[in-house]
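Chain identifiers are assigned alphabetically (A, B, ...) following the order of the sequence lines, protein sequences preceding nucleic acid strands; residue numbering begins at 1 within each chain. Because the structure is a prediction, the values reported are computed rather than measured.
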Number of protein chains: 2
Amino acid sequence: MDILARLQAEHEQLSQAEKRIADILLNDFDFAVNASIVELAERAEVSPPTVTRFCRRMGCQNFADFKVQLAKTTFVGARYLNPEAKSTAPADVAEDIITKAQNALFLFHRSFDADLAQTVAHILSNAEMVYAFGSGGNSSLIAEELQNRLFRLGLRISACSDHGMQMMLAAAARQQDVVIGSSFSGRNEELVKVFTLAREAGATTVALTQGGSPVARSADHVIPVDMPEGNNIFRPTSTRFAYLALVDILANLTAYQDKTRATVTLRQIKQQLVAYRDEDDRQLLGD
Amino acid sequence: MDILARLQAEHEQLSQAEKRIADILLNDFDFAVNASIVELAERAEVSPPTVTRFCRRMGCQNFADFKVQLAKTTFVGARYLNPEAKSTAPADVAEDIITKAQNALFLFHRSFDADLAQTVAHILSNAEMVYAFGSGGNSSLIAEELQNRLFRLGLRISACSDHGMQMMLAAAARQQDVVIGSSFSGRNEELVKVFTLAREAGATTVALTQGGSPVARSADHVIPVDMPEGNNIFRPTSTRFAYLALVDILANLTAYQDKTRATVTLRQIKQQLVAYRDEDDRQLLGD
DNA sequence: AATCTATAAAGAAAATTTTTTGCACCAACT
DNA sequence: AGTTGGTGCAAAAAATTTTCTTTATAGATT
């Protein structure tokens, strides 16, 4: 747990003086990161020892450790505290987007359950056929991306963002098939129906969605992607980065489940590209 | 310019003792970030004053400032220096992917040219019709994403990843049309042909690709995305994250070019979603 | 209601640690 | 031989932590 999370978690239980310190951290991060203990104490109108005690309370060994922890979270965390970008100047817009993307990745990683992902990778690897479903622009992107990443490993996979087709495919699914679906909001009722249908057909269902949501409840396995503080701070656009990372992770873990198959398939694809395009073997696997 | 970049840039001109300090930074980042000046000096077998002087040389005011700068770059930079995480344990794979994605965003941001992006946003905003082209899995994803993001702003846009269609669309393009194409490798010869054709037809061409590559040379405007790729063939290209961020930035800047149009269109889409799905207005714009 | 503990919080000053500065020395190159 | 740049030692300065004391607060007791 990083300093900022801890700060927010414990904010209520802080004393008078400690709250003043916390406020400075929250309001003028840059100052706090660069200040000495005396400067920070003066600004908060407390004594240096109080700052030291505050650092201990936040789980740090000493003030130096505290500053390091703080500085580490700056890049990803600073904007999290001051959510809205004020300017529409190109450079500011870019920074805002990059930072929010970084944040999404950071927060996702923090809540990521490796064992769960491993389980899903195992399921994918053993599937006879995989169906990747999603719709609405963002989730359909994820579905396609699942296909794009997993077919390279030798898996049989079909992505589909058409609800009608999804229903038919789900109905036709078999025991050893896997239906993996994504929904950013977790409220895609069509996907719930598809999952239900697929389960009735005996297939295994996996949801990439908000934990505890209707979609999450309707699947056998759920990898939750929860951006804390609700959806307000993050536009769906930054959440996409988290989902994309999740797809990459799943693809990697799946590849390691059956290295031979993955290597062979990748080599086949690569040979095709080299023969067809040029002989530079650093050529990317797919443009 | 951050500490690590500076470190690598000046590494050659460093003295004996300073090189030893630099080596510790590069090899045992964690230690360096947490160490006191004396500990760092001992480990490098130099005197504390030498460390102080080293910090100054790296553009910092003092040791404390140096440590803060260092810590700031940790999250995005640490793994960049120790390239390959060897383990295939789920948690390590996840961390590796997340960190590489963070890095890609970081490196992209560092070399990002805001004015250029603004120019392209202007061009997109004034286009009669936009064609987004890409192929090969990754670039086609970007093309679709361009469509997904820009249609919401009221732009007329069509994404296409089929070379045959791309050629025909390019041939049919007009003066006020824009053809925007992406190629991660910069070696997509088909895209070069498409751009050439589009320019002959009088349309404006924009490439999102590796700077200086054939594709880059064939377009009117280029937003370069240059990224060192890891060489683990199982690792999906983290470059995608940079491209995705670029799409977001372009979409945002384009939205600001004509706020009214963007707002009106977004409201229309939102109303449809609310009416059709549920009344929770935190519902994401597209699942 | 007033007063008395017990306990926690906060500051002052001292002690300690850490960092920087000034100076001297050494090695390499002119 | 002289100069320059690099380095370490020791002392000074600065920053941080510890110890000790005071102050505030809540609950208990008269």
Side-chain angles (χ1 to χ4, degrees), chain A residues 3 6-74, chain B residues 3 6-74:
Chain A
I3 291 280
R6 190 142 189 173
L7 199 72
Q8 290 182 316
E10 298 203 14
H11 196 272
E12 289 314 307
Q13 290 115 58
L14 295 179
S15 71
Q16 228 38 43
E18 288 176 326
K19 257 196 191 113
R20 287 205 297 277
I21 300 172
D23 282 347
I24 290 178
L25 296 184
L26 296 168
N27 294 325
D28 198 345
F29 206 92
D30 272 357
F31 169 80
V33 166
N34 293 306
S36 76
I37 197 170
V38 181
E39 290 168 329
L40 187 56
E42 268 176 15
R43 175 104 174 241
E45 298 181 342
V46 299
S47 63
T50 302
V51 176
T52 296
R53 284 187 281 256
F54 178 80
C55 298
R56 299 265 157 79
R57 179 148 186 182
M58 297 320 279
C60 301
Q61 266 205 291
N62 49 36
F63 184 67
D65 185 24
F66 176 76
K67 286 237 300 203
V68 167
Q69 298 294 331
L70 212 56
K72 271 187 186 172
T73 66
T74 318
Chain B
I3 291 279
R6 189 142 188 172
L7 199 73
Q8 290 181 316
E10 298 202 14
H11 196 272
E12 289 314 307
Q13 290 114 57
L14 293 179
S15 71
Q16 222 46 36
E18 287 177 326
K19 260 202 189 102
R20 286 205 297 277
I21 300 173
D23 281 347
I24 289 177
L25 296 185
L26 296 169
N27 293 326
D28 198 345
F29 207 91
D30 272 357
F31 169 80
V33 165
N34 292 306
S36 76
I37 197 170
V38 180
E39 291 168 328
L40 187 57
E42 267 176 17
R43 176 103 174 246
E45 297 181 344
V46 300
S47 64
T50 302
V51 176
T52 295
R53 286 187 280 257
F54 177 80
C55 298
R56 299 262 157 80
R57 178 149 190 182
M58 297 321 277
C60 300
Q61 266 205 292
N62 49 37
F63 183 68
D65 184 25
F66 177 75
K67 285 236 301 203
V68 167
Q69 299 293 329
L70 211 56
K72 273 187 185 173
T73 66
T74 318

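An OP1 or OP2 oxygen of dT20(C) is reached within less than 4.0 angstrom by a side-chain nitrogen or oxygen of T52(B). Regarding contacts with the backbone of dG8(D), a side-chain N or O of T50(B) is found under 4.0 angstrom from either OP1 or OP2. Between R56(A) and dT18(D) there is a side-chain polar atom (N or O) within less than 4.0 angstrom of OP1 or OP2. The side chain of S15(B) places an N or O atom within less than 4.0 Å of a non-bridging phosphate oxygen (OP1 or OP2) of dT7(D).
Counting only heavy atoms from C-beta on, Q16(B) has its side chain closest to dT7(D) among dT18(C), dT20(C), dT7(D). Nearest to the side-chain atoms of P49(A) among the listed nucleotides dA13(C), dT18(C), dA9(C) stands dA13(C). For P48(B), taking side-chain heavy atoms from C-beta onward, the closest of the listed nucleotides dG22(C), dT20(C), dT16(D) is dT20(C). When the nucleotides dT19(C), dA15(D), dT19(D) are ranked by their closest atom to the side chain of I37(B), dT19(C) comes out on top. Here the nucleotide nearest the side chain of F63(A), chosen from dT19(D), dG22(C), dT16(D), is dT16(D).
Taking atom CD of E45(B) as the reference point, atom P of dT7(D) lies 13 Å away to the nearest angstrom. In this structure, D65(B) atom CG and dT19(C) atom C1' are separated by 14 Å, rounded to whole Å. With rounding to whole Å, L40(A) atom CG is found 10 Å from dT16(D) atom P. Whole-Å rounding puts the I21(A) CD1 to dA9(C) P distance at 13 Å. Atom CG in L14(B) sits about 14 Å away from atom C1' in dG5(D), given to the nearest Å. The nearest whole Å value for the distance from the CD atom in E18(B) to the C1' atom in dG6(D) is 8 Å. Across the protein-nucleic acid pair, F54(A) atom CZ and dG11(C) atom C1' stand 18 Å apart, rounded to whole Å.
Around atom CD of Q61(A), no more than 12 heavy atoms belonging to other residues, nucleotides or ligands sit under 6.0 Å away.
Atom CZ of residue R53(A) and atom CE of residue M58(A) lie 16.0 Å apart, to the nearest 0.5 angstrom.
Residue contacts shown for V51(B) are absent, as no nucleic acid heavy atom lies under 4.0 Å away. Looking at heavy-atom distances under 4.0 Å, E39(B) makes no contact with the nucleic acid at all.
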